[in-house]
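Take a look at the structure below.
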Amino acid sequence: MASNMETENEQLVADPLSFARSYQLEGLEKALKQNTIVFLETGSGKTLIAIMLLRSFAHQLRKPSPFVAVFLVPQVVLVTQQAEALKMHTDLSVGLYYGDMGIDFWDGAIWKREIEKHEVLVMTPAILLNGLRHSFFHISMIKVLVLDECHHARGKHPYACIMTEFYHQQLSLGKSDLPRIFGMTASPIKSKGGNSELNYWQYIQELESLLNSKVYTVSSESELANFVPVSTPKFKFYIRKDIPYALYEQLANALKVLKSKHEQSLENSDLNPSKVEPTRKRISKAFLALMYCLDELGLWLTWKAAETLSWMEDDFSPWETLDIFGEAIVKSFCSDALKLLANPLKSGCSYGSIGDNVEADMAAGLMTPKVVCLIASLLEYRSIEDIRCIVFVERIVSAVALQTLLSLLLPKHTCWKTKYIAGSTSGLQTQSKKKQNEIVEEFRCGKVNIIVATSILEEGLDVQSCNLVIRFDPSSTVCSFIQSRGRARMKNSDYILMVKSGDSATLSRLQRYLASGEIMRNESLCHASLPCLPFRSAYDEESYFVESTGAIVTLSSSVGLIYFYCSRLPSDCYFKPTPRWDKETCTLYLPKSSPLQTFSSKDDAKYSKQSACLEACKQLHKYGALTDNLVPQMVAEESVAQEIGNKPLDDEQPIYVPPEFVHCCPHNSSVVYHCYLIELKQNFHYDISAHNIVLAMRTELEFEVQSMCHDLDVDRGSFDVNFKYVGIIKLSPEQVLLSRQFQRTIFRALLNHTWTNKLSENNEIYLGDGPKVDYLLLPSTGVELISWEIVLSVLFSSREYCVHRGISSSKGLAYDVQTKSGLVCICRLQNSLVYTPHNGHVYCITSVLSELNGNSSLKIRKNEMMAYKEYYKVRHGIDLYFEKQPLLRGKKIFPVHNYLKRFRKHKEEGESRNSLVELPPELCSIIMSPISVNTLYSYSFLPSIMHRLESMLIASNLKKLNTDHCMQNDIPTTKVLEAITTKNCQEKFHLESLETLGDSFLKYATGQHLFRTFQNDHEGLLSLKKDRIVSNAALCRLGCEHKISGFVRDEAFDPQKWDIPGDTHEVSQLREVVLSSGRKVYVRRKRKIKGKRIADVVEALIGAYLSTGGERAAIQFLNRIGIELNFDFVPYERPFRVDAHKLINVGHVESLLKYTFNDRSLLLEALTHGSYMLPEIPRCYQRLEFLGDSVLDYAITVHLYNKYPGMTPELLTDMRSASVNNDCYSRTALKAQLHKSILHCSHDLHKHISSTLHNFEMLSSEATYGWESEISFPKVLGDVIESLAGAIYVDSGYDKEKVFGCIRPLLEPLVSPETLKKHPRRELNELCQKEKYNLKKTVTSRVNGRSHVTVEVEVNGRIFKHTAISLDRETGKKVASKEVLKSLKESYPMVHK
């Protein structure tokens, strides 16, 4: 056997640390040769040997090696401590693992990633054991296995199970690829020890055999003394003296009476029957704790213990397993005990006087001699200001009470501060791990001087500054003795052992413990050369092994696995699924949501429960409820869902440009364009009229797109915009270039409202140099289709010939005038576009003011006149040199807005006084001439019109892409456009209605598909699978995979960012993208878009196809994006053998529903809650509720969508929310008195229904919809409405119309646009946003099982606040918001009209 624990030495080279001590190097040498248990004193540096061992194995661990080292620690608090030490002294990648990380729900894939990432895994042993049992780990993957505090390896401790179930099992098969075992302990014996050396050796030998390792230790204690300070043991004896007998008898009897009284109250209370026994046990524990204090600590500390038990702090969660009634009874007992114990103290001492006269306090029974001995022992060290002392006690209640006393008494003599640390095993008080770590850290740095602690502080925690340890209660084992002694790490530290005088047995035991270290060391050294005995298990445990993975469950581990399996079944606040064991019949019953529910044991009485659990594990695995890794299917599904959810999505998505807009223009040949007349019909009076525009496109538009007509809200009214096909034209390259230059110039001027050198640069417009947006927008004002004379205006030149050149007009004015562009005929200035550099503005010249010149007067203010030439000198510092030239009437160029935006405000009629100006010609630079103001006005609307056309083409391309996949083509393109347009676009339509409809259909289609396909899956699994299909993350991923994301319109149109067609200047290069079926689009740029937006568009597209093509079209679209759902009829089979009439009034429920069931077991299933554990009903309503939820939601949504076709998207969403929620269904159930037909065995549910029924009868509203209710309804009531809908759906052959026909009368009156009220929370949010009120963060707390919700709004320094108390948080938010709204409306009535 010894050879099995040795490894080839040539593969391992020691990698010691330079500061390692001689015995540490010797220990390392042993560990490199064979499996080793290092037995050394606390503080001697055992961890450092483990670190050097890992450094020596590092070359076998470094990634990409498949191997790891595992460092096991027995307590969570040690995980971080040891991991930090490893990180400090090695360069290995270290992973930390403990239960609070949710590791119970990890699967093999997650562990695989961790193993690929880290080289050393630090964890508690239960995690490794579970990982090995579920075959997430294999023992052969571990190169080094470190067991800290390895003396725990006994019985069924995880250390022992790891070795017996995996290490020794592989060893017995002759496997050599086993880990190097390295154990660390300050005492290889955990028991009370033996009376002889032989007994000690037997314990050590058992540990060696189990760990297949040899103990290494130093030859003598003196060898360690050079490095490790050893505390000096000192015995302190106290004389046992009971408190006065009469007082003790009086208090003891009174406490017993009090206990009986409160236990009796349990029988008459409204307490959940399942909570009676836990409450009784809790009262008994509190009673025993107080009696212990009375015996051991005295009256004053007993009183303080009662005080602590009677109230809760954040640190305590003493009543966590009880409901609010049980909690109240236990607290009542403690409060009454506190009053009882306070009575004798009233005449005794005041709160602060305790300890002032110790002898008197002892005589009065306030303190025992044991407590006085502790105080005296501590005060002996009062001269040491920076003391660090740990007082070890046996019980948590002692720790809490003594800390209270010392905190009060010691500050009278010293500046010491006292705190306590206690575990959570008693169930009386618990501390969080975080709090314990904070106290230890304060102790290390001197903020805390004394810690009163239970055994939790004996093990592993590194507190090197401790210089005094006092054992208030004696150690129960050798290990406890050695470890607590080892906490005193400072030089010249003391170890005080308090012993009752005359207690020779305890004194003898402690003296044996003092000698035990040397005995264990000698025995280990004497037998060091002997090989380990072969390991022999006490019994060969039965197990179940999965060959495909290697996962295993044993007789003893099967019970935990079954409880874990049940914990992952669906539950609610009235029923937590757990297995039920019938001792009499030796039968195991699992909850109704388990596919298999009854298992009998054939084993003897001793292991009958384990045997039944093991059989259940086998059968559940064969059935598929446990995976091949022997974890609940729910856990595996959750891990898959989490993995999918964690996959990063690229929020940078493309914006597509329709291919109809993009072409390459040939260099040398004419180009054919399809022409469409954009007719602008002006629906308002204005002295400027818009004229038609010709859109010339290289591609003929589809009929639906070219027949597009829409209205345009402009500043003074609206335009009707129509497209009319007028034929084709052929343009030469020169004409194309001219047209591009024209539209580039006019749009640059309109969009920029100025004209700079940069804009006036005559950049060459290239033809044939890659794909570009290529369409022409040309004026059409006369008989000819295209007004080429206006297009030619872009080529204006001052040198161009004019018939008036060089002559004077009839009024004596010269036709030639001086401009910034040179000498120009005045007729060329009328109807021109000019730029005035002095102010950077662009104007359209509408007329020549022959009666005005530079010398004419300009009215500046009411009574102030100034000549124009003087004005320009004063205002702009410009001298007019041609002051006699006539002035020009200029109109500021028209602004270009987003005319697609909803809720645009119309301007009043009439011109702004600043829009018309008089301009001296010499200040004007001509951009275009001739071009009328009407043309410029018409062109100002074109960016919005072309953006709408581009959107239509994008929608058309998406529609064609879907049609390519054998989908119907009769969906209007406008519906697709609506579906891809989000609210952010701020247009008159958006996707919300279609999204609501599509969301509802998708959930319905998915729900019925999963229900039919996975008939044995419980509701939790079905919901998880459904979520993987319908979640935003899933839909977003599908939208991206199928290139839908590029079609999404998620930005309001900004004319300033509009790409002028044909303008190559600062225009991004278009990139071609080939979609499925070979269709092309072009990418203009990428933009950030939220995943939910893409998911919303996918749902809206489902709604678009559904609303126009019916369910078949919607299903085709789902298939196209990879969601394949089955609507085929599948019989619903269940193992029901019970007559429904025996348990429910079938006729009454059928008459309510106006439906007669073909299979009445469906009705029985729909009315059975999970708490109703009768085996003859194998299923509860959860599956039918899952189905009915989506069926009813869809039926109501379709009803609202079809009944109110003209309503806004927001209104549909609000009406659906107000109709489809658990509160509505719960009110419906109560109105129909369906609560009387629900089968359940939950006391809490019965109470909740009763109280709800009482409150419900006082409600005035008959409506089931809306948000009026201020009470919390039991969710079960709403669930039953949904489960009945599911039952009717299945029984009627999956007929959703039948479902709605049966359930609708119960829901009447349904919500309508007139009766709808907003949810108070939403109304308050919208009000605060609109009025700029400060809505503070909602404050929520949980007190005595109820939610306290505070909503607060600040308005101009005034606070409006309300706190609502309810059973659930959402109802609390609703009620609090409602009250705050009411106050706001009363205080500011005008604002809220």
Worked verdict on E1099 versus V1030 for side-chain contact (heavy atoms from CB on, under 4.5 Å)
CA-CA 9 Å; E1099 288 176 334; V1030 308; 5.9 Å; no

Begin from the C-alpha positions of K959 and T963 and carry the test side-chain contact (heavy atoms from CB on, under 4.5 Å) through to its verdict.
CA-CA 6 Å; K959 172 183 165 182; T963 306; 4.2 Å; yes

For the pair E995 and K983, evaluate salt bridge (Lys or Arg N to Asp or Glu O under 4.0 Å) and give the outcome as yes or no after the intermediate values.
CA-CA 12 Å; E995 178 209 339; K983 263 186 177 181; over 6 Å; no

Go through it in stages, so that I can follow the logic: the residues are D1223 and K1374, the test is salt bridge (Lys or Arg N to Asp or Glu O under 4.0 Å), and I'd like the CA-CA distance, side-chain angles, deciding distance and then a yes or no.
CA-CA 12 Å; D1223 272 14; K1374 179 175 70 176; 3.3 Å; yes

For the pair K1043 and V1081, evaluate side-chain contact (heavy atoms from CB on, under 4.5 Å) and give the outcome as yes or no after the intermediate values.
CA-CA 11 Å; K1043 306 291 178 68; V1081 289; over 6 Å; no

Given side-chain contact (heavy atoms from CB on, under 4.5 Å), test L1212 with Y1204 step by step and report yes or no.
CA-CA 8 Å; L1212 174 62; Y1204 306 103; over 6 Å; no

Test salt bridge (Lys or Arg N to Asp or Glu O under 4.0 Å) on E1051 and K1057 and set out the steps.
CA-CA 11 Å; E1051 299 171 355; K1057 295 179 181 177; 5.9 Å; no

Run T996 and S993 through side-chain hydrogen bond (donor to acceptor under 3.5 Å, both in side chains) and show every step you take.
CA-CA 5 Å; T996 301; S993 288; over 6 Å; no

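The distance from atom CG of L1307 to atom SG of C1302, rounded to the nearest 0.5 Å, is 11.5 Å. Between the OG1 atom in T1228 and the CG atom in L1234 there is a gap of 9.0 Å [rounded to 0.5 Å]. To the nearest 0.5 Å, the span separating OG on S718 from CG on D720 amounts to 6.0 Å. If you take OH on Y1225 and CG on L1192, they are separated by 3.5 Å, rounding to the nearest 0.5 Å. The structure places CD1 of I678 at 5.0 Å from CG of L695, a figure rounded to the nearest 0.5 Å. Atom-to-atom distance recorded for L1200:CG and L1310:CG is 7.0 Å, nearest 0.5 angstrom.
N957 places a side-chain N or O within donor-acceptor distance of the main-chain N or O of L953, the cut-off being under 3.5 Å. S1226 contributes a side-chain N or O that, together with a main-chain N or O of G1278, makes up a donor-acceptor pair within less than 3.5 Å. With hydrogens and angles disregarded, a donor-acceptor distance shorter than 3.5 Å links the side chain of S1107 to the backbone of A1104. When atom types are taken as modelled, the side chain of S1283 and the backbone of A1166 share a donor-acceptor pair closer than 3.5 angstrom. Not one N or O on the side chain of E679 forms a donor-acceptor pair closer than 3.5 Å with the backbone of N692. At distances below 3.5 Å, at least one donor-acceptor pair connects side-chain atoms of S944 with backbone N or O atoms of Y899.
In this structure, Y1155 has its ring center under 6.0 Å from that of F1157. Between Y656 and Y1082, the gap from one ring centroid to the other reaches at least 6.0 Å.
For the pair R716 and F684, the cation-pi criterion (under 6.0 Å, within 45° of the ring axis) is not fulfilled. Geometrically, K1296 does not engage Y1194 in a cation-pi contact, judged by NZ or CZ lying under 6.0 Å from the ring centre and within 45° of the ring axis.
Between L991 and I980, the closest side-chain pair of non-hydrogen atoms is not below 4.5 Å. Counting only heavy atoms from C-beta outward, the side chains of E987 and H947 approach each other to under 4.5 Å. In this structure, K1154 and S1151 have side chains that are not in contact, with every pair of non-hydrogen atoms separated by 4.5 Å or more. No side-chain heavy atom of L1035 sits less than 4.5 Å from a side-chain heavy atom of S1031. The shortest side-chain heavy-atom distance between L1125 and I1115 does not fall under the 4.5 Å cut-off. In this structure, the side chains of V1130 and T1013 stay at 4.5 Å or more apart for every pair of heavy atoms. Within the 4.5 Å cutoff, side-chain heavy atoms of F719 are placed close to those of V714. Between D1279 and L1277 the shortest side-chain heavy-atom distance does not fall below 4.5 Å.
Residue pairs meeting the ring-ring contact (aromatic ring centres under 6.0 Å, His included) criterion with at least one partner in residues 1294-1314, sequence neighbours excluded, are F1129-Y1294, H1199-F1300, Y1289-Y1294.
We find that D1189 and K1003 are not joined by a salt bridge, their nearest charged nitrogen and carboxylate oxygen being 4.0 Å or further apart. For D713 and K901, the salt-bridge test fails: no basic side-chain N is under 4.0 Å from an acidic carboxylate O. The pair E1370-R1321 does not count as a salt bridge, with every side-chain nitrogen at least 4.0 angstrom from each carboxylate oxygen. Ion pairing between E1185 and K1275 holds under the 4.0 Å rule for side-chain N and carboxylate O. Salt bridge absent: E1297 and R1304 never bring a charged side-chain N and a carboxylate O closer than 4.0 Å.
Each of L1118, V1097, D999 was checked for a side chain to side chain contact (heavy atoms under 4.5 Å, CB included) with I1102, and the lone residue meeting it is L1118.
For the 3.5 Å distance criterion, the side chains of Y1105 and N962 qualify, holding a donor opposite an acceptor. A donor and an acceptor atom, one from each side chain of T981 and R1049, are located under 3.5 Å apart. Between the side chains of S956 and E704, no donor N or O sits under 3.5 Å from an acceptor N or O. Q1008 and R1012 share a donor-acceptor pair across their side chains, judged by distance under 3.5 Å alone. No hydrogens or angles considered: a donor-acceptor pair under 3.5 Å links the side chains of D1193 and S1000. With hydrogens and angles left out, the side-chain atoms of T982 and D1050 include a donor and acceptor closer than 3.5 Å. Side chain to side chain, H674 and E660 fail the donor-acceptor criterion of an N or O pair below 3.5 Å.
Using cut-offs of 30° and 60° for the angle between ring planes, the F1011 and Y1132 rings count as tilted.
Heavy atoms only, all atoms of each residue included: H1009 and N1126 are closest at ND1-N, 2.9 Å. The two residues N1119 and I1123 come nearest to each other via the heavy atoms OD1-O, 3.2 Å. Across all their heavy atoms, V657 and I954 have their closest contact at C-CD1, 4.1 Å. Scanning all heavy atoms of the two residues, the minimum distance from I1121 to H1042 falls at O-NE2, 3.0 Å. Residue A1218 comes nearest to L1316 through the heavy atom pair CB-CD1, 3.7 Å, listed as atom of the first residue, atom of the second, then distance. When all heavy atoms of S1190 and G1007 are compared, the closest pair comes out as OG-CA, 4.2 Å.
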